[in-house]
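Below: the structure, in structure tokens.
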Number of protein chains: 2
Amino acid sequence: MLQVKELPDAEVLKKFTKRYPDANIEQVLQFLTFLRVASDLSNSLDQFLGSYDLLQGRWWVLLLLMREDDFSSVPSTLAKQAGVSRATMTGLVNGLQRDGLVSRVTDSHDRRQSRVRVTAKGQSKLDEVMPDYYQRLNKLMSVFDKEQGEHFMTLLLALKSQRHIFE
Amino acid sequence: MLQVKELPDAEVLKKFTKRYPDANIEQVLQFLTFLRVASDLSNSLDQFLGSYDLLQGRWWVLLLLMREDDFSSVPSTLAKQAGVSRATMTGLVNGLQRDGLVSRVTDSHDRRQSRVRVTAKGQSKLDEVMPDYYQRLNKLMSVFDKEQGEHFMTLLLALKSQRHIFE
DNA sequence: TCATTATAGTTAGCTAGCTAACTAATTGCA
DNA sequence: TGCAATTAGTTAGCTAGCTAACTATAATGA
């Protein structure tokens with residue numbers, strides 16, 4: 001993820017505008033600020049999760065498993081839900097298994113599949129993390145009042161609808 | 001970067017709210033949507049840059065070098081500006097050098113330092129990419145009118161000011 | 001002066017993403 | 001029925017981050 005600390009200043013932008021006349025300074029700053037704030041927050045979240053020996057990838061796998069009634073799922077489904085490749089999911093599950101947070105169960109009618117289940121240790125890990133997470137999230141998002149929060153969502157969804165433009 | 005495809009639906013959120021009473025559904029959705037739209041756009045940008053054999057890391061190094069009057073800088077400065085470690089910068093410069101987009105110049109009074117300079121090939125690479133980039137960025141950000149764009153920035157900066165909460 | 005401290009760059013080894021290629025198992029259809 | 005196509009999971013090898021440790025050089029201060 002983009003992580004530029006020094007956004008271009010006025011002088012630099014002027015230089016670039018000269019070389020590349022299509023540049024629109026406001027738009028560039030809005031876009032870069034958007035990516036930058038998001039990556040800063042994402043890194044902060046990782047730092048927070050790191051204090052519980054988790055990172056976003058592993059944390060999400062645990063959360064996806066907790067959604068299920070029997071606290072278990074299959075890797076390919078998890079991969080789709082998490083938006084990562086099956087290969088990546090193999091790695092995430094390996095790490096979680098090594099730490100004792102999930103277990104692999106081969107009990108299945110389809111012998112290509114394996115099931116992944118959150119262990120008791122995995123559940124108590126989440127029970128430690130989540131209250132702290134929700135309290136911090138509450139503080140964070142309280143910078144917006146109700147109207148601002150809704151407007152923020154509207155703007156985000158408008159931007160999202162245009163993501164094909166870079167493809 | 002967080003990349004969850006399936007944001008929690010109402011039923012799942014209800015289940016979580018039961019287990020973790022501090023959860024505030026609107027806030028969770030706003031936060032996750034924010035990270036998700038940003039990571040989608042970041043991935044789209046990478047796809048776009050990939051069509052020019054670049055990725056964000058390398059692209060930013062080239063841009064940082066183009067800011068300089070003599071098109072050159074030193075790795076440690078580049079690392080600070082790009083917000084990556086010196087080790088990561090070594091790797092980025094290696095890749096760029098292998099592709100002939102930058103060169104390393106050891107000409108220096110401080111023999112610990114080396115200078116990195118954009119080559120003519122690197123400059124023409126950017127001259128290919130940037131007009132296309134600015135045109136697409138223009139289309140993307142045109143979903144916002146002037147007022148919306150300014151409001152978006154205000155909201156982003158408010159959120160940014162709270163990033164310490166997860167640390 | 002010269003020993004300590006700080007800085008620059010690299011290397012090694014980690015996480016976490018990717019694609020492509022592989023094995024095993026299942027499904028589907030001629 | 002049996003072969004082809006599909007699916008599930010893993011592995012190998014890539015990019016791009018990180019920290020920690022290392023070498024070389026420069027700066028500092030007793």
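Reckoned from all heavy atoms, side chains included, excluding hydrogens, waters and symmetry mates.
In this structure, B:R115 and B:R104 have side chains that are not in contact, with every pair of non-hydrogen atoms separated by 4.5 Å or more.
When rounded to the nearest whole Å, the span between CG of B:D53 and P of D:dT15 equals 12 Å. If you measure from atom CZ of A:R112 to atom P of C:dA25, you get 10 Å, rounded to the nearest angstrom. Look at CH2 on B:W59: it is 20 Å from P on D:dT15, rounded to the nearest Å. The distance from atom CG of B:L78 to atom P of C:dA8 is 12 Å, rounded to the nearest whole Å. Between A:D110 atom CG and C:dA24 atom C1' the separation is 10 Å, expressed in whole Å. Rounded to an integer number of Å, the gap from A:N43 CG to D:dG17 C1' is 10 Å. Straight-line distance from the CD atom of B:Q113 to the C1' atom of D:dA24: 13 Å, rounded to whole Å. Rounding to whole angstrom units, CZ of residue A:R86 and C1' of D:dT7 are separated by 7 Å.
Contact check, A:R104 against D:dT10: a side-chain N or O comes under 4.0 Å of OP1 or OP2. For the pair A:R115 and D:dG9, the criterion of a side-chain N or O lying under 4.0 Å from OP1 or OP2 is not met. Taking only side-chain nitrogens and oxygens, A:R98 comes nearer than 4.0 Å to OP1 or OP2 of C:dT15.
Both A:M89 and B:G91 lie close to DNA chain D; mapped to their nearest nucleotides by heavy-atom distance, the more 5′-ward contact belongs to A:M89. Along DNA chain D, the nucleotide closest to A:S76 and the one closest to B:L54 are compared, and the more 5′ of them pairs with A:S76.
Relative to the side chain of B:A87, the nucleotides D:dA16, D:dG9, D:dA20 differ in distance, and D:dA20 lies closest.
Between B:R19 and A:D127, at least one side-chain N (NZ, or NE/NH1/NH2) sits under 4.0 Å from a carboxylate O, which counts as a salt bridge. Using a cut-off of 4.0 Å between Lys/Arg side-chain N and Asp/Glu carboxylate O, A:E150 and A:K146 are scored as salt-bridged.
Base contact: A:S85 has a heavy atom under 4.0 Å from a base atom. A:T88 comes within 4.0 angstrom of a base, heavy atoms only.
Aromatic ring centroids of B:Y52 and B:Y133 lie 6.0 Å or more apart. The ring of A:F34 has its center closer than 6.0 angstrom to the ring center of B:F152.
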